[in-house]
Amino acid sequence: MSELDKVTLNAGDKAVALPVLKPTLGNDCVDISKLTKETGLFTYDPGFGATASCKSAITYIDGDQGVLLYRGYPIDQLAEKSSFTEVSYLLMNGELPSAAELAKFEDEVTHHTMMHESLKAFLQGFRHDAHPMAMLAASVASMSAFYHDTLDLQDPEQRRLAAIRLIAKMPTLAAAAYRYSIGHPIRYPRNSLGYTERFLHMMFEVPSEELELSPVIAKAMDLLFILHADHEQNASTSTVRLVGSTGANPYASVAAGITALWGPAHGGANEAVLKQLAEIGDAKNVAKAVERAKDKNDPFRLMGFGHRVYKNFDPRAKIIREMTHKVLGELGVNDPLLDVAMKLEEFALKDDYFVERKLYPNVDFYSGIIYKALKIPTEMFTVLFAIGRTPGWVSHWLEQQVDPDARIGRPRQIYTGSPKRDYAKA
Ligand code: SDX
């Protein structure tokens with residue numbers, strides 16, 4: 001944090017004093033909201049790498065130090081001591097719940113897990129080989145057609161209930177999309193199970209035999225959900241906020257976030273990492289892959305590497321890397337792709353191209369290997385990311401609804417098209 005309380009921008013014969021806003025943690029921000037009125041100038045920042053879109057109290061990231069805090073709590077402490085439902089409560093409400101508050105929250109979420117029966121017919125409209133992200137995004141957007149009692153955004157209780165419904169139903173819709181895609185019967189959520197166990201039951205239980213839920217798998221999945229729960233103003237969360245800024249309902253806003261997450265540069269990277277590791281196939285091919293990733297004429301990039309904010313190890317990647325060895329060991333899984341991943345990481349972290357650009361493994365680099373060990377199909381990896389990120393999305397949407405500074409998101413541009421010209425046909 002600097003000592004600055006304002007900066008002066010000299011624009012021709014004008015000197016404009018711009019206030020400097022102070023965060024609790026992190027970079028000071030120059031408030032440019034009056035810049036255009038005073039100077040006629042816009043600012044240009046493609047990808048918003050240096051632009052704060054809002055004030056938020058939910059998550060803090062220090063990219064240089066590799067720090068991630070949810071409501072001030074370090075991610076490694078939450079990973080070790082908390083649960084996904086407790087972290088969801090924390091993100092939504094700002095404080096850790098008491099035992100009674102957590103029990104009440106979990107009970108409310110549990111009793112909102114079922115989806116409307118018509119949604120099953122909705123899924124029948126898809127081909128069996130539809131990507132589950134397509135089915136999830138569509139199903140979530142359609143929730144506004146079923147839950148008219150949570151569409152009055154002026155009512156704080158309706159806003160809260162919509163958030164609860166999204167957290168509660170995301171696993172049900174995700175599992176339903178998967179089960180439809182493999183031609184298995186869609187399972188109803190079991191209220192006797194905890195949040196993550198309930199999801200695994202809906203994913204894998206078949207009528208022909210009892211499902212033995214592995215506590216190792218359930219614990220690993222719950223931890224992965226915690227690690228994905230929020231991440232400040234990433235592309236999908238910014239999308240939820242942008243859509244939410246128009247007054248669109250929370251289901252439409254979160255559905256937009258799901259579609260943004262799908263891209264391989266964002267949440268789709270976990271699926272892309274596993275495909276890439278499989279393409280590399282063997283540790284002896286790693287050097288060639290790293291050379292390809294450095295070749296500007298080759299669009300090939302090392303998926304799971306690099307980050308807009310982290311210029312150090314992604315703290316989540318560190319936790320997942322340790323977890324990968326533990327979970328695969330406990331499950332007795334020996335996946336050659338793990339050897340390829342470790343060799344790739346070792347090679348890249350020593351290569352000048354990656355070192356100079358501060359490209360480290362991110363959250364997506366190892367998660368796919370664990371998901372594979374947990375018998376999650378590759379096309380479901382980004383769907384799992386969406387389940388984990390839902391508490392973050394709804395918390396940012398709720399925060400935005402009561403933000404006095406919130407306005408409709410409407411960026412400007414640098415126009416590079418044709419000057420004005422009259423209509424004439426040759
Ligand atoms: C997530 O924002 C979040 O918080 C996201 C996320 C969350 O929790 O919400 O953390 C989740 O999306 C993690 C990121 C998952 N994506 C991937 O793993 C895809 C591979 N990574 C890249 O596509 C890239 O690193 C991004 C998209 C993650 C970041 O892109 P930036 O910030 O725009 O970086 P850049 O393109 O400006 O790259 C800087 C340089 C460039 O080289 P030069 O032009 O300087 O020569 O680094 C190079 C890039 O070519 N580079 C890579 C690379 N990532 C960046 N080169 C090879 N392989 C890579 N993976």
Side-chain angles (χ1 to χ4, degrees), residues 26 45-53 56 58-64 66-70 75 79 87 91 224-241 257-277 280 286 288-320 341 344-345 347-349 351-369 381-382 384-393 395-396:
D45 181 20
F48 311 115
T51 299
S53 60
S56 178
I58 298 171
T59 290
Y60 173 69
I61 303 172
D62 180 328
D64 295 329
V67 168
L68 170 58
L69 309 176
Y70 290 167
I75 190 64
V87 164
L91 291 170
L224 286 162
F225 284 157
I226 290 174
L227 297 175
H228 286 82
D230 193 48
H231 213 239
E232 199 215 66
Q233 303 308 321
N234 59 86
S236 52
T237 302
S238 298
T239 301
V240 170
R241 282 180 171 264
I258 292 172
T259 53
L261 185 74
W262 197 354
H266 189 16
N270 55 19
E271 181 178 346
V273 165
L274 211 75
K275 287 180 177 164
Q276 193 169 79
L277 291 175
I280 294 170
V286 157
K288 184 164 172 286
V290 170
E291 286 313 305
R292 275 194 67 194
K294 293 155 59 176
D295 178 357
K296 291 299 170 203
N297 299 316
D298 187 336
F300 180 88
R301 282 195 164 181
L302 280 192
M303 302 315 280
F305 264 82
H307 200 277
R308 171 60 55 78
V309 175
Y310 288 125
K311 301 307 170 190
N312 197 324
F313 242 98
D314 180 334
R316 302 166 298 176
K318 273 187 187 170
I319 295 168
I320 295 178
L344 196 54
E345 177 191 86
F347 217 95
L349 292 183
D351 185 285
D352 290 345
Y353 172 96
F354 287 82
V355 173
E356 283 158 17
R357 291 167 177 80
K358 299 184 177 179
L359 302 175
Y360 290 87
N362 59 49
V363 67
D364 293 307
F365 187 63
Y366 281 100
S367 52
I369 295 170
F381 288 4
T382 309
L384 295 192
F385 196 144
I387 296 173
R389 186 52 52 90
T390 296
W393 287 331
S395 299
H396 281 275

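Every heavy atom of this structure was used, including side-chain atoms; hydrogens, water molecules and symmetry mates were not. We count ligands from 1, going down the list as the structure has it; atoms in each ligand are counted the same way.
- The closest approach between a heavy atom of Ala235 and any atom of ligand 1 is not below 4.0 Å.
- Protein heavy atoms come within 4.0 Å of atom 23 (O) of ligand 1.
- Applying the 4.0 Å criterion to heavy atoms of Pro264 picks out, from ligand 1, the atoms 16 (N), 19 (C).
- Tyr70 has its side chain within reach of Ile75: a pair of non-hydrogen atoms, C-beta onward, lies under 4.5 Å apart.
- Protein heavy atom at the shortest distance from atom 15 (C) of ligand 1 is Asp364 OD2, 3.2 Å.
- With a 4.0 Å cut-off on non-hydrogen atoms, Ala272 does not touch ligand 1 at all.
- Shown in contact with Ala269 at under 4.0 Å from a heavy atom are these atoms of ligand 1, numbered in order with element: 15 (C), 16 (N), 17 (C), 18 (O).
- Of the options Arg389, Gln233, Lys296, the smallest heavy-atom separation from atom 44 (O) of ligand 1 is shown by Lys296.
- For atom 12 (O) of ligand 1, the closest heavy atom belonging to the protein is His266 ND1, 2.9 Å.
- At a threshold of 4.5 Å between non-hydrogen side-chain atoms, the residues Asn234 and Arg389 count as touching.
- With respect to the salt-bridge test (charged N to carboxylate O, under 4.0 angstrom), the residues Lys294 and Glu291 qualify.
- Closer than 4.0 Å to atom 37 (O) of ligand 1 lies none of the heavy atoms of the protein.
- Annotation: cation-pi pair Arg357/Tyr353 present, NZ/CZ under 6.0 Å from the ring centroid and within 45° of its normal.
- In Arg316, the part holding a heavy atom less than 4.0 Å from any atom of ligand 1 is the side chain.
- Between Phe305 and Phe354, the ring planes are perpendicular. Angles over 60° get that label, and only those under 30° would be called parallel.
- A ring-centre distance under 6.0 Å is not found for His231 and His396.
- In the model, Ser395 has no side-chain atom that pairs as donor or acceptor with a side-chain atom of Asp230 under 3.5 Å.
- At the top of the distance list for atom 18 (O) of ligand 1, counting protein heavy atoms only, stands Gly304 N, 2.7 Å.
- Inspection of the Asn270 and Ser367 side chains reveals no N or O donor paired with an N or O acceptor under 3.5 Å.
- Atom CZ of Phe300 has more than 12 heavy atoms from other residues, nucleotides or ligands within 6.0 Å.
- Polar contact check, Phe354 against ligand 1: no nitrogen or oxygen pair lies under 3.5 Å apart.
- Only the side chain of Leu359 comes within 4.0 Å of ligand 1, judged by heavy-atom distances.
- Here atom 40 (C) of ligand 1 lies nearest to Arg357 when heavy atoms of Lys311, Arg357, Met303 are compared.
- Of the protein's heavy atoms, Ala265 O, 3.9 Å lies nearest to atom 27 (C) of ligand 1.
- For Leu302, a nitrogen or oxygen atom sits less than 3.5 Å from a nitrogen or oxygen atom of ligand 1, counting backbone and side chain alike.
- Checking Thr382 against Trp262 by side-chain atom types alone, no donor-acceptor pair falls below 3.5 Å.
- Nearest heavy-atom pair, Asp45 versus Ala50, reported as atom, atom and distance to 0.1 Å: OD2-N, 2.8 Å.
- Near Asn234, the atoms of ligand 1 lying under 4.0 angstrom from a non-hydrogen atom of the residue are 2 (O), 3 (C), 4 (O), 5 (C), 9 (O).
- Comparing His307, Glu356, Arg301, Arg308 by heavy-atom distance to atom 3 (C) of ligand 1, the nearest is His307.
- Distance from atom 20 (C) of ligand 1 to its nearest protein heavy atom, with residue and atom name: Phe305 O, 3.4 Å.
- Inside a 4.0 Å radius of atom 6 (C) of ligand 1 there is at least one protein heavy atom.
- Of all protein heavy atoms, the one closest to atom 28 (C) of ligand 1 is Gly306 O, 3.7 Å.
- For atom 56 (N) of ligand 1, the candidate residues are Tyr353, Phe300, Tyr360; the nearest heavy-atom contact is made by Tyr353.
- Inter-residue side-chain proximity for Val355 and Leu349 is flagged as unmet; no heavy-atom pair is nearer than 4.5 Å.
- Using a 3.5 Å distance cut-off with no hydrogens or angles, the side chains of Tyr366 and Glu345 do pair a donor with an acceptor.
- No side-chain heavy atom of Pro299 sits less than 4.5 Å from a side-chain heavy atom of Arg292.
- Here the heavy atom of the protein found nearest to atom 57 (C) of ligand 1 is Ala293 O, 3.6 Å.
- With respect to atom 14 (C) of ligand 1, the closest heavy atom belonging to the protein is Asn362 ND2, 3.5 Å.
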